[in-house]
Amino acid sequence: MSTKRRRVLTAEPDHGVSQPDSESGFIRSYYGDAGLDSATRKMLIYEQRRRLPAFKHRMQLLYAVENNPVTVIVGEPGSGKSTQLPQYLYESGWAADGKKIACTQPRRVAAAMLAQRVSEEMGVELGTTVGYSVRFSDASDPQMTRIKYLTDGTLIRECLADPLLSAYSVVMVDEAQDRSIATDTLLALLKKILHKRKADLRVIISSATLDAEGFRSFFEKDSSIIVSISGQPFPVDTQYLAAPCENYLACAAETVVNIHEKEAPGDILVFLPGKDAILTVLAELEEQQYGNHRLESLLLLPMYAGISASDQKVVFDLAQKGMRKVILSTNVAETSVTIDGVVYVVDCGLVKQRVFDVATGIDRLVTRTISRSSAKQRAGRAGRTQSGKVYRLYTHEAFNSSLFTQHDVPEISRLSLATMVLTLKALGVSNLVRFDYFQPPPPELLSQALEMLAGLGAIDMQSGLLTADLGLHLAELPLDPPLGVCLLNSVAKFACVREAVGAVAMLSLGDSPFVIPSGRRSEALEDRREFIAQEGDVLTLVNVLLGYQETPVRVRQQWCHLHFLNPRLLDQAARISRQLESYLVRMGHRDSLRISCGRDFALLQKCLVSGFFTNVARLDKLDGRYRLIRSGQIIDIHPSSVYFSMDAKPDYVAFASAMDTTKLYMQGITAIDPGWLTEIAPHYFSIK
DNA sequence: GAGCACTGC
């Protein structure tokens, strides 16, 4: 195995090696550059701006913001609220005194795209008056930027340095209906900040749904106002099933065929819960195409997050003349991506959602009925460019029954709150039970998060404060708490900083970088052996990352292709490891960056145990399966793990993540010595 | 023996 380990020993960390900005590609010019002279271009832009629904409400919006600390805006996608309102505010002097106007988005691409478009509308260079700031990409200028688009997570991080957000005169929380933990946290923080800045801060909350009253009543009613911007561009006709269907997959395929045979041209978007369902419907339609030449003009396209960039491109490209695109998609197409040309939507009414199980501390992936507001959002995808139709694969009665809830269960009620708790503590919120949340989280989720952080040594349970040696630094790091603990302990205790930075960066991807192209399975697995370390997934992942970093930038893409690796993920891991190094430097550990464990891999393995000591499983020799130390529950090796296809399995393992899907699976697995447990986490393990 | 919805710092 020595050749396999050599990479770990010889590779130099690549501080400051500049990378091609593979992300700059995601911002495209909105107005294009079709050789228009600047006067014509200006006029065209002005005309286009005037036609947006927001324009009619310009004075009303400005009046509302002028006279109320909090304004709630309801507007459909396409109303212009995200692009126009910040400009109106800028034009009427809200950024005159050197202050900025912030507009937050749940997703990074949206922030970048909006900034690009607004800078074009205003005729300024992106990154000057108009800018954006998201992780790994800051196109803003501390002095010049007046309108700044950011993700809500980025603005929360700015709170850590500037708790009153004093750089801003207006903060607009856009897409608040998203209800991510970050959005909810930001709303609560803004309410707190408003108490101290009632005179000079304005908060705008914008949401696509009509549930504005909820946002308004959170803030003081007498100091807030609701403005509604109408503007669903085109009507969408809704069809329900007359009777419930037995098999929604067959029903989805049948509906697509019916639309194709009876309806006018226009692409079809089918919402399905997951990859499995997508591939099933795809196979069914392909089979029908075989015996029916009228179906040959259907272009069948799967769409989910894990799909390769080149395959995704086809989904966005215009179909050939005479062809009808059928996009079989997960929830990505509901909010994250927009596909032009869709006239028909088929909605099976299901979604897969992550739910954190407090009892086991493990995430489950459950298939659920969607909410009514989600159904509306899906339907709206049919009416973006012309009037459309939505075919709901459930009955009207079902839709109005308790089977469908009005809204989704927001993240704060169903996910682990460890990171949110850490952030709030760092911002000086002492009593998390009495904190004024936008929606209070379930108490059991809150106490689970507190216990977990206390177990990691980040919170002192007596005082309830972040610990000075660990907790305060942990809150600074853009990592899940257990991963942050590994990183900090690699400096403080285990002398394996170089390896830990790589390991933590790779694990924080949350996805395996190994790809298996269809039909080339054995080839891919054979090549993977070059990277595999007996110690498990984590060292293997470190080998992969070091191999990537050793490869000259210009041939990295090719190298990934050759070794069956996902270049997007590895590029991201390389960015994360550089970012983590700069955090360590800021914490005064510049000299530690070069510390390597050398051949003593046990140091890295112990370091991992210091973050993941709750995630330990023991091999049961009788049936050859692992069982969780805590509960005795059976947990299996995920097929992406190196141990999945290895005959000699370690007696004890620690794992970075677990997910309950078809079975309970563990990922990011490392062999450990059980003796380490009492040594590293004596408060958690008593000696047998 | 056989697989993960989607984000974000």
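Order of the sequence lines sets the chain letters (A, B, ...), proteins ahead of strands, with each chain counted from 1.
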* Asked: B:dC9, B:dT7, B:dA5: which one has an atom nearest the side-chain heavy atoms of A:K352?
  -> B:dA5
* Can you find a side chain N or O atom of A:S180 that sits less than 4.0 Å from OP1 or OP2 on B:dT7? -> no
* Asked: Quick one: is A:T335 getting a side-chain N or O under 4.0 Å of the B:dC6 phosphate, OP1 or OP2?
  -> no
* Asked: Can you find a side chain N or O atom of A:R108 that sits less than 4.0 Å from OP1 or OP2 on B:dC9?
  -> yes
* Could you work out which one of B:dC6, B:dG3, B:dC9 sits closest to the side chain of A:Y304? => B:dC6
* Whole-Å distance between B:dA2 P and A:D276 CG? -> 13 Å
* If you draw a 6.0 Å radius around NZ in A:K275, do more than 12 non-hydrogen atoms from other residues or ligands fall strictly inside? -> no
* Is the charged tip of A:R372 near the ring of A:F404: under 6.0 Å from the six-membered ring centre and within 45° of its axis? -> no
* Asked: Starting at CG of A:N331 and ending at C1' of B:dT7, how long is that distance when rounded to a whole Å?
  -> 12 Å
* Proximal nucleotide (of B:dT7, B:dA5, B:dC9) relative to the A:L365 side chain -> B:dA5
* Which part of the nucleic acid, if any, lies within contact of A:A182, taking any heavy atom under 4.0 Å across all strands shown: a base, the sugar-phosphate backbone alone, or nothing? -> nothing
* To do: Not counting sequence neighbours, list each pair that qualifies as a side chain to side chain donor-acceptor pair (under 3.5 Å) and has a residue in residues 419-428 of chain A.
  => none
* Just to confirm, is there a sub-4.0 Å distance from OP1 or OP2 of B:dG1 to any side-chain nitrogen or oxygen of A:K663? -> no
* Validation row, ring centre A:H563 to ring centre A:F514 under 6.0 Å -> no
* Candidate nucleotides B:dT7, B:dG1, B:dG3, ranked by approach to the side chain of A:K649 - the nearest -> B:dG1
* To the side chain of A:R354, which of B:dC6, B:dG8, B:dG1 is closest? -> B:dC6
* To do: Using only side-chain N and O atoms of A:S645, determine if any of them is under 4.0 Å from OP1 or OP2 of B:dG1.
  => no
* Asked: Rounded to the nearest Å, what distance is computed from the CZ atom of residue A:R378 to the P atom of nucleotide B:dC6?
  -> 12 Å
* Would you indicate what A:T367 reaches in the nucleic acid, counting non-hydrogen atoms under 4.0 angstrom: base, sugar-phosphate, or nothing? => nothing
* Asked: Does any N or O donor sit under 3.5 Å from an N or O acceptor when you compare the side chain of A:R521 with the base of B:dA2?
  -> yes
* Just how far, in rounded Å, is P of B:dC6 from CZ of A:R414? -> 13 Å
* Asked: A:V332 side chain: which of B:dC6, B:dG3, B:dC9 is closest?
  -> B:dC6
* Pairwise distance CZ(A:R627) to CG(A:D636) - rounded to 0.5 angstrom -> 9.5 Å
* Asked: Is the shortest side-chain N/O distance from A:Y665 to OP1 or OP2 of B:dG3 below 4.0 Å?
  -> yes
* Distance, rounded to the nearest Å, where A:R575 contributes CZ and B:dC9 contributes C1' -> 14 Å
